[in-house]
Amino acid sequence: MEPVPIQLTVNGKGHSLQLEPDMPLLWVLRDELGLTGTKYGCGIGQCGACTVSMDGTPVRSCSLPVSAVTGAVTTIEGLGTAEALHPVQRAWIDAQVAQCGYCQSGQIVAAVCLLQEHPEPTPAQIDAAMTNLCRCGTYARVRMAIARAAQALRAAEGGGT
């Protein structure tokens with residue numbers, strides 16, 4: 001396919017690119033924009049290592065053609081900084097979720113999307129939303145971190161602890 005003009009908003013910044021329309025969003029993020037926090041895992045959208053947010057919805061960027069992107073994309077790099085972590089990132093550290101860490105950027109983005117939709121998620125909502133795979137099996141710590149992040153977000157909004 002011939003490259004075509006593509007307009008993307010990633011982490012709040014607009015980008016005008018010439019790309020093949022069937023190029024997966026993952027490769028656009030990593031190779032064209034230099035945002036390497038989003039990882040390649042399985043390449044078929046099953047493992048979730050490549051999860052990014054598109055207007056608050058988690059999407060698997062390895063199987064999403066760039067021409068199908070219909071909203072603003074947020075990657076792990078767009079969530080917080082070393083000086084000011086996103087509450088989910090802080091909860092991940094506090095709950096010591098990561099072992100090898102490979103799947104964690106996708107896990108964190110999926111958790112942020114979950115908490116945007118369900119600020120006080122039930123265990124069933126957490127289990128339904130968190131479909132990312134973790135080879136290290138840190139699922140119990142993922143659930144704990146999401147509960148901590150939900151509590152921190154409520155407290156930050158004045159909703160108590």
Side-chain angles (χ1 to χ4, degrees), residues 8-13 24-30 33-64 66 68-161:
L8 292 175
T9 300
V10 179
N11 299 333
K13 182 179 176 189
L25 176 59
L26 174 64
W27 301 126
V28 175
L29 296 171
R30 292 182 62 81
L33 301 180
L35 299 171
T36 58
T38 304
K39 304 300 183 199
Y40 175 83
C42 66
I44 59 172
Q46 295 296 308
C47 74
C50 67
T51 301
V52 298
S53 170
M54 185 167 62
D55 284 341
T57 299
V59 296
R60 306 293 168 95
S61 64
C62 74
S63 58
L64 181 69
V66 67
V69 174
T70 59
V73 173
T74 303
T75 69
I76 190 72
E77 291 94 345
L79 293 181
T81 65
E83 299 78 29
L85 294 174
H86 186 282
V88 173
Q89 292 170 312
R90 169 55 47 210
W92 240 248
I93 292 167
D94 292 346
Q96 299 181 10
V97 174
Q99 284 187 21
C100 84
Y102 197 81
C103 70
Q104 296 309 304
S105 63
Q107 295 267 18
I108 290 169
V109 171
V112 168
C113 292
L114 165 66
L115 292 171
Q116 288 172 343
E117 185 175 350
H118 301 286
E120 296 184 46
T122 66
Q125 289 169 325
I126 293 171
D127 290 345
M130 298 303 295
T131 59
N132 299 43
L133 300 178
C134 174
R135 291 185 62 167
C136 301
T138 64
Y139 301 110
R141 285 186 269 169
V142 165
R143 287 183 201 97
M144 181 173 37
I146 290 170
R148 285 183 183 195
Q151 185 178 32
L153 287 164
R154 283 191 308 274
E157 294 171 359
T161 57

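Owing to the predicted nature of the structure, the values given are computational and were not obtained by experimental measurement.
- Leu64 and Val69 get closest at one heavy-atom pair: CD2-CG2, 3.9 Å.
- Note that CZ of Arg148 is 11.0 Å distant from CZ of Arg90, once rounded to the nearest 0.5 Å.
- For Cys136 against Cys100, the heavy-atom pair with the smallest separation is SG-N, 3.6 Å.
- Using a 4.5 Å cut-off on side-chain heavy atoms (C-beta onward), Cys134 and Val142 make no contact.
- Across Ala91 and Ala145, no two heavy atoms sit closer than the pair CB-O, 3.2 Å.
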Practice item. Take Arg143 and Asp127, measure what side chain to side chain contact (heavy atoms under 4.5 Å, CB included) needs, and give me the verdict at the end. Key: CA-CA 8 Å; Arg143 287 183 201 97; Asp127 290 345; 2.7 Å; yes

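- No side-chain heavy atom of Val88 sits under 4.5 Å from any side-chain heavy atom of Leu79.
- Atom CD of Gln96 sits in a sparse spot, with 12 or fewer heavy atoms from other residues, nucleotides or ligands closer than 6.0 Å.
- Side-chain atoms of Arg60 and Thr131 form a donor-acceptor pair, as typed in the model, at a separation below 3.5 Å.
- Interatomic distance, CE of Met144 versus CD1 of Ile146, reported as 11.0 Å (0.5 Å rounding).
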In a table with atom names and distances, give each donor-acceptor pair under 3.5 Å that connects a side chain of residues 102-113 to protein atoms at least two apart or in another chain.
{"unit_1": "Tyr102", "atom_1": "OH", "unit_2": "Tyr40", "atom_2": "O", "d": "2.5"}
{"unit_1": "Gln104", "atom_1": "OE1", "unit_2": "Trp92", "atom_2": "NE1", "d": "2.3"}
{"unit_1": "Ser105", "atom_1": "OG", "unit_2": "Gly37", "atom_2": "O", "d": "2.7"}

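- With a 4.5 Å cut-off on side-chain heavy atoms, Thr57 and Glu117 do not count as touching.
- Within the model, atoms OG1 of Thr38 and CZ of Arg30 stand 7.5 Å from one another, a figure rounded to the nearest 0.5 Å.
- Panel note: side chain Ser61, backbone Cys50; a donor-acceptor pair is recorded below 3.5 Å.
- Between Asp55 and Gly71, the shortest heavy-atom contact is OD2-CA, 3.2 Å.
- Atom CD in Glu77 sits 4.5 Å away from atom CG in Leu35 (nearest 0.5 Å).
- Between Pro58 and the choices Asn132, Leu114, Thr51, Val52, the side chain to side chain contact (heavy atoms under 4.5 Å, CB included) rule is met once, by Thr51.
- Scanning both residues, Ser63 and Gly45, for their nearest heavy atoms gives OG-CA, 3.9 Å.
- You'll find the side chain of Ile76 reaches within 4.5 Å of the side chain of Gln89, heavy atoms only.
- Minimum heavy-atom separation, Ser53 to Gly56: OG-N, 3.0 Å.
- The NE2 atom of His86 sits 9.5 Å away from atom OG1 of Thr74, with the distance rounded to the nearest 0.5 Å.
- Distance alone, capped at 3.5 Å, places no donor-acceptor pair between the Arg141 side chain and the Ala95 backbone.
- To the nearest 0.5 Å, atom NZ of residue Lys13 and atom CG of residue Leu8 are 12.5 Å apart.
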